[in-house]
Amino acid sequence: MNMDNWMERVIYGPKKPFPLLSYPCVQYLYVTVKELVCSSTYQAMGMKMIADNFDMLASTAYMDLSVEAEAFGAFTVYGADEVPTIIGKLISTEEEADALQVPEVGAGRTGTCIEAIHKAMTVINDRPVFAGCIGPFSLAGRLLNVNDIMVDCYEEPEMVHKVLEKATAFIISYLKELKKAGAHGAIMAEPLAGILSPDLMSEFSSTYVRKIVEAVQDKYFLLIYHNCGSAINHQVEQLMETGCKAFHFGESADMPMMLEKLPKDYLVLGNISPSNGFNNKTPEELNLMTRRLLEQCGTHKNFVVSSGCDVPPNTDMDNINEFFKTVEAFYYRQHLWDMLG
């Protein structure tokens, strides 16, 4: 699939939502999140079930920011109904950074995720399929410890850069294998960069994201950059440095401002809160939140309404259905308005 043409159709064609909706498939599969993330078959089945039940622009794999760090050897904690997390730190010194080995693609659960995309491609053929991966600074943060890396950027910048070089090399290799498996693109989650100053983001994140983009993105493979950090409204220039053409923002983002500042031929996705919107509101309250966002941003052709991050596994299906009905009703009304003048 030519993804440049797909982006053009999204901008100028009928509007559909694209929430990061994958983990709620556990409600259809009757499995735990732990069982889901460890099985390529469950992952592919879940993606297919979500695609069959919801009319989304594309199908997306699971946002799991532990996968690549686990492949490096980081300690991963699994909960029955929680997305896996990394604890502790793998690297403490520059010598350990020098000794860090870049794993083979397939290590840990990276092989499971590649196999899941391959299986999903055999059953989902009516829309693009996006894989998932972590961004370079967010991966480095899980290897150096998320809290410590913020200090390391000032006190041990050489160590951070050494880890970033190896993280970037692995992400490139991993994305190339996901591409071979058939994925039309990937959603790269780089949330940790969203709390950096603009200068630090340029040095420790955007430069490395650009290397990844230049290595894997082409007209058949699109990287969507996801950032739900709190400083994202001050990082527009750094976002442009990445070379990405599609951006997905969390609830902290000022979406009207982003739409004004980013190019009109780039996709801008976001940003209904997963926790304070999808998961903790009534359907009526979520309807109101969604309509407000659409009224602010829905006239921008390159805007795609989405969740601000991945929708939690046990989100009430009534809320998810209400979100889709609200979006459909808004754009149907807008279409009639355009027809009738």
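Throughout, residue positions are numbered sequentially from 1 according to the sequence presented.
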Student: Would you mind reporting whether Q43 and E115 have side-chain heavy atoms less than 4.5 Å apart?
Tutor: no
Student: Is the distance between the ring centroids of H226 and F247 under 6.0 Å?
Tutor: no
Student: With T76, which residues qualify under side chain to side chain contact (heavy atoms under 4.5 Å, CB included), at least two apart?
Tutor: S66, E70, Y78, P84, I86, R109
Student: Under 3.5 Å, side-chain donor or acceptor atoms of residues 257-271 against the rest of the protein: list the pairs with distances, not counting sequence neighbours.
Tutor:
residue : atom : partner : partner atom : Å
K264    : NZ   : L259    : O            : 2.9
N271    : ND2  : G250    : O            : 3.0
N271    : ND2  : A253    : O            : 3.1

Student: Please determine which of D148, V146, N147, L144 meets the side chain to side chain contact (heavy atoms under 4.5 Å, CB included) test together with K89.
Tutor: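 Only one of D148, V146, N147, L144 forms a side chain to side chain contact (heavy atoms under 4.5 Å, CB included) with K89, namely D148.
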Student: Would you call H184 and Y220 a side-chain contact if the rule is heavy atoms closer than 4.5 Å?
Tutor: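 When only atoms from C-beta onward are counted, Y220 and H184 do not touch, as no gap falls below 4.5 Å.
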Student: Which atom pairs, one a donor and one an acceptor, fall under 3.5 Å between side chains of residues 2-21 and the rest of the protein, sequence neighbours left out?
Tutor:
residue : atom : partner : partner atom : Å
N2      : OD1  : D4      : N            : 3.0
N2      : OD1  : N5      : N            : 3.0
D4      : OD1  : K245    : NZ           : 2.9
K15     : NZ   : V10     : O            : 3.0
K15     : NZ   : I11     : O            : 2.6
K15     : NZ   : K301    : O            : 2.6
K16     : NZ   : D55     : OD1          : 3.0

Student: Under the side chain to side chain contact (heavy atoms under 4.5 Å, CB included) rule, collect the residues that match up with E251, sequence neighbours excluded.
Tutor: S273, P274, S275, N276
Student: Does the gap between the ring centers of F137 and Y208 come in under 6.0 Å?
Tutor: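 No, the ring centres sit 6.0 Å or more apart.
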Student: Can you give each donor-acceptor pair under 3.5 Å made by side-chain atoms of residues 126-134, sequence neighbours left out, with the distance rounded to 0.1 Å?
Tutor:
residue : atom : partner : partner atom : Å
R127    : NH1  : A51     : O            : 3.4
R127    : NH1  : F54     : O            : 3.0
R127    : NH2  : A51     : O            : 3.0

Student: If you measure from the Lys or Arg side-chain nitrogens to the Asp or Glu carboxylate oxygens, is any gap between K179 and D218 under 4.0 Å?
Tutor: yes
Student: Hey, is R292 close enough to E295 for a salt bridge, meaning N to O under 4.0 Å?
Tutor: no
Student: Where do E158 and K162 land on the salt bridge (charged side-chain N to carboxylate O under 4.0 Å, His left out) test, with the steps shown first?
Tutor: CA-CA 6 Å; E158 288 303 316; K162 287 178 179 181; over 6 Å; no
Student: Listed by chain and number, what are the ring-ring contact (aromatic ring centres under 6.0 Å, His included) partners of F330, not counting sequence neighbours?
Tutor: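 Once residues adjacent in sequence are excluded, F330 has no partner under the ring-ring contact (aromatic ring centres under 6.0 Å, His included) criterion.
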